[in-house]
Peer 1: 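Let me begin by handing over the structure; questions about it come next.
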Amino acid sequence: MKVLIVGGGGREHAIALKIKETPEVPALYAAPGTGGLAQIAPCLPFKATDVDGIVRWAAENKVDFVIVAPDDPLCLGMVDALAEQGIPAFGPRKNAAIIEGSKVFSKNLMKKYGIPTAAYETFDDYDAAVKYLQTADMPIVVKAHVLALGKGVLICRDSAVEAVASMMKEAKFGASGARVVIEEFLTGPEVSVLAFTDGKTVKPMVSSMDHKRALDHDEGLNTGGMGTIAPNPCYTPELAQRCMDEIFLPTIAAMNAEGRTFTGCLYFGLMMTPKGPKVIEYNCRFGDPETQVVLPLLKSDLLTIMRATVDGTLTDTPVEFASGAACCVVLASGGYPVSYKSGYPISGLDEAGKTATVFHAGTKLVDGQIVTAGGRVLGVTATANTLEAAIDKAYQAADKITFTDMHMRRDIGQRALASRKESHS
Ligand code: AMP
Ligand code: GLY
């Protein structure tokens with residue numbers, strides 16, 4: 001059996017390593033892959049967004065199953081194009097991937113179907129947006145309409161006029177900012193829940209917590225994610241049940257009612273507000289670096305589950321997780337997320353790999369040497385019986401790794417530990 005993974009980050013490496021645990025290990029390929037993936041699978045020279053190139057290669061090489069991990073190829077319709085060639089693929093079709101691809105679509109969906117989310121207004125017109133802001137409460141959140149590489153969200157504490165101008169007038173976020181969503185500022189702990197779905201059944205994975213800001217104590221710029229822990233201690237069984245009843249199942253039903261059946265992994269970015277759980281955002285894919293803590297805890301066979309989401313048999317397929325905890329610490333290039341240099345040799349990988357799993361996010365294999373090749377370079381994940389032990393183990397392993405200008409947050413998991421103490425006191 002031939003399996004192709006589309007994408008090239010830590011998330012894809014985590015998926016690939018889990019697929020390698022399948023009893024009948026498939027022949028694995030990656031496009032474009034990373035330095036880490038190159039050590040376990042041939043990497044093909046296609047960009048993840050090269051729908052034509054990847055689909056042609058998959059058809060010519062008789063690939064049996066494709067896992068489309070990143071949002072851009074999903075939003076471009078790669079799963080649809082593969083289906084036209086008779087190749088089953090994990091991930092939503094284009095008409096369902098819009099749940100991430102368009103903030104206006106997802107906000108309108110939630111409003112129409114009564115799914116709890118922040119109150120909001122959508123604006124195409126700059127003057128109307130500014131007029132609305134004159135009477136709006138602060139803080140307030142301004143979001144660009146479509147994918148802006150995770151940077152299209154601005155939280156405004158004093159005035160939001162500048163934020164709206166940067167999107168609508170100065171096009172700082174490109175064409176995506178021509179339309180903006182202005183929404184209520186929510187408070188409460190954030191929880192990420194990834195869920196498998198075949199469009200009928202939803203099977204949530206273990207919950208997690210991302211750390212989006214670049215610096216300790218949640219300071220600095222928003223990034224793709226500097227570290228994660230799982231499970232998220234703020235996500236009690238009662239909240240999990242409420243999310244299932246009020247958010248997960250209604251979202252699947254809403255997508256079906258719109259003729260946009262969602263299959264694959266649906267990512268719920270949630271906030272546990274004083275008024276109950278609300279949706280901050282949907283993603284049409286596995287989170288990065290959430291995947292790097294969730295999949296190491298998965299006990300069931302990932303490839304079987306992924307195939308079940310395509311075949312519509314998820315209800316009969318076990319999705320079970322170990323009872324322990326996991327922590328992933330991201331090692332980034334100094335200067336990320338703004339500007340950074342690449343090409344530095346990385347040392348200590350083998351030593352770190354003895355007690356933890358090192359997922360490669362932005363690395364390249366050059367003449368047998370792994371070098372840095374991106375903003376987020378590595379994700380070091382450790383699992384243990386308790387969250388405290390997982391955090392210690394992850395940092396001990398991370399400290400074995402060095403490269404020029406390496407930056408990591410030192411407080412991954414501390415907020416989760418503190419929230420647990422609060423709830424126990
Ligand atoms: P997003 O790109 O939509 O995930 O937003 C990035 C981050 O901005 C989220 O993880 C939240 O921390 C924050 N955020 C987004 N929307 C809101 C909101 N309505 N209220 C408070 N924080 C928000
Ligand atoms: N870690 C956040 C995301 O994958 O969107």
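We count ligands from 1, going down the list as the structure has it; atoms in each ligand are counted the same way. Computed from a predicted model, the values in this text were never measured in an experiment.
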Peer 1: May I ask you to list the atoms of ligand 2 that are less than 4.0 angstrom from any heavy atom of Gly224?
Peer 2: 1 (N), 2 (C)

Peer 1: Report yes or no: does Phe286 have a heavy atom closer than 4.0 Å to ligand 2?
Peer 2: no

Peer 1: Looking only at the aromatic ring of each residue, does the gap between the centers of Tyr282 and Phe268 stay below 6.0 angstrom?
Peer 2: yes

Peer 1: Side chain, backbone, both or neither: which part of Lys143 has a heavy atom under 4.0 Å from ligand 1?
Peer 2: side chain

Peer 1: State the atoms of ligand 1, each with its element, that fall below the 4.0 Å cut-off from a heavy-atom position in Glu183.
Peer 2: 16 (N), 17 (C), 18 (C), 19 (N)

Peer 1: Compute the shortest N/O to N/O distance between Met271 and ligand 1 and return yes if it is under 3.5 Å, no if not.
Peer 2: no

Peer 1: If the cut-off is 4.0 Å to any non-hydrogen atom of Glu190, which atoms of ligand 1 fall inside it?
Peer 2: 9 (C), 10 (O), 11 (C), 12 (O)

Peer 1: Name the orientation class of the two ring planes belonging to Phe196 and Phe286 (parallel below 30°, tilted from 30 to 60°, perpendicular beyond 60°).
Peer 2: perpendicular

Peer 1: When rounded to the nearest 0.5 angstrom, what is the spacing between CZ in Arg213 and OG1 in Thr223?
Peer 2: 9.5 Å

Peer 1: Would you check if there is a donor-acceptor pair between the side chains of Thr117 and Lys107 at a distance under 3.5 Å?
Peer 2: yes

Peer 1: With no hydrogens and no angle check, do the side chains of Asn108 and Tyr120 hold a donor and an acceptor under 3.5 Å apart?
Peer 2: yes

Peer 1: Does a sphere of radius 6.0 Å around NZ in Lys94 hold more than 12 heavy atoms from other residues, nucleotides or ligands, not counting ones at 6.0 Å or beyond?
Peer 2: no

Peer 1: Should you measure from each heavy atom of Gly287, which atoms of ligand 2 turn up under 4.0 Å away?
Peer 2: 4 (O)

Peer 1: List ligand 1 atoms under 4.0 Å from Lys103, heavy atoms only on the residue side.
Peer 2: 3 (O)

Peer 1: Which of the numbered atoms in ligand 2 are below 4.0 angstrom from a heavy atom of Glu290?
Peer 2: 1 (N), 2 (C), 4 (O)

Peer 1: Could you list the atoms of ligand 1 found under 4.0 angstrom from a heavy atom of Val141?
Peer 2: 16 (N), 17 (C), 18 (C), 19 (N), 20 (N)

Peer 1: Atoms of ligand 1 less than 4.0 Å from Val153 heavy atoms?
Peer 2: 1 (P), 2 (O), 3 (O), 5 (O), 8 (O), 15 (C)

Peer 1: Quick check on Lys47: does its NZ atom have over 12 non-hydrogen neighbours (other residues, nucleotides or ligands) under 6.0 Å away?
Peer 2: no

Peer 1: Please classify the Thr228 to ligand 2 contact at 4.0 Å (heavy-atom distances, strictly less than): side chain, backbone, both or neither.
Peer 2: neither

Peer 1: Say whether Arg285 and ligand 2 are in contact under the criterion: heavy-atom distance to a ligand atom below 4.0 Å.
Peer 2: yes

Peer 1: So, applying side-chain contact (heavy atoms from CB on, under 4.5 Å) with Leu194, which one of Leu295, Leu266, Val294, Val206 is it?
Peer 2: Val294

Peer 1: Going by the order shown, which atoms of ligand 2 are within less than 4.0 Å of some heavy atom of Asn283?
Peer 2: 5 (O)

Peer 1: Please could you name the atoms of ligand 2 that Asp210 approaches to less than 4.0 Å, counting only its heavy atoms?
Peer 2: 1 (N), 2 (C)

Peer 1: Between Ile155 and ligand 1, which residue portion shows a heavy-atom distance shorter than 4.0 Å: side chain, backbone, both, or neither?
Peer 2: side chain

Peer 1: Could you give the distance from OG1 (Thr355) to NZ (Lys393), rounded to the nearest 0.5 Å?
Peer 2: 7.0 Å

Peer 1: In plain terms, say whether Glu258 and Lys112 are close enough for a salt bridge, that is, a side-chain N and a carboxylate O under 4.0 Å apart.
Peer 2: yes

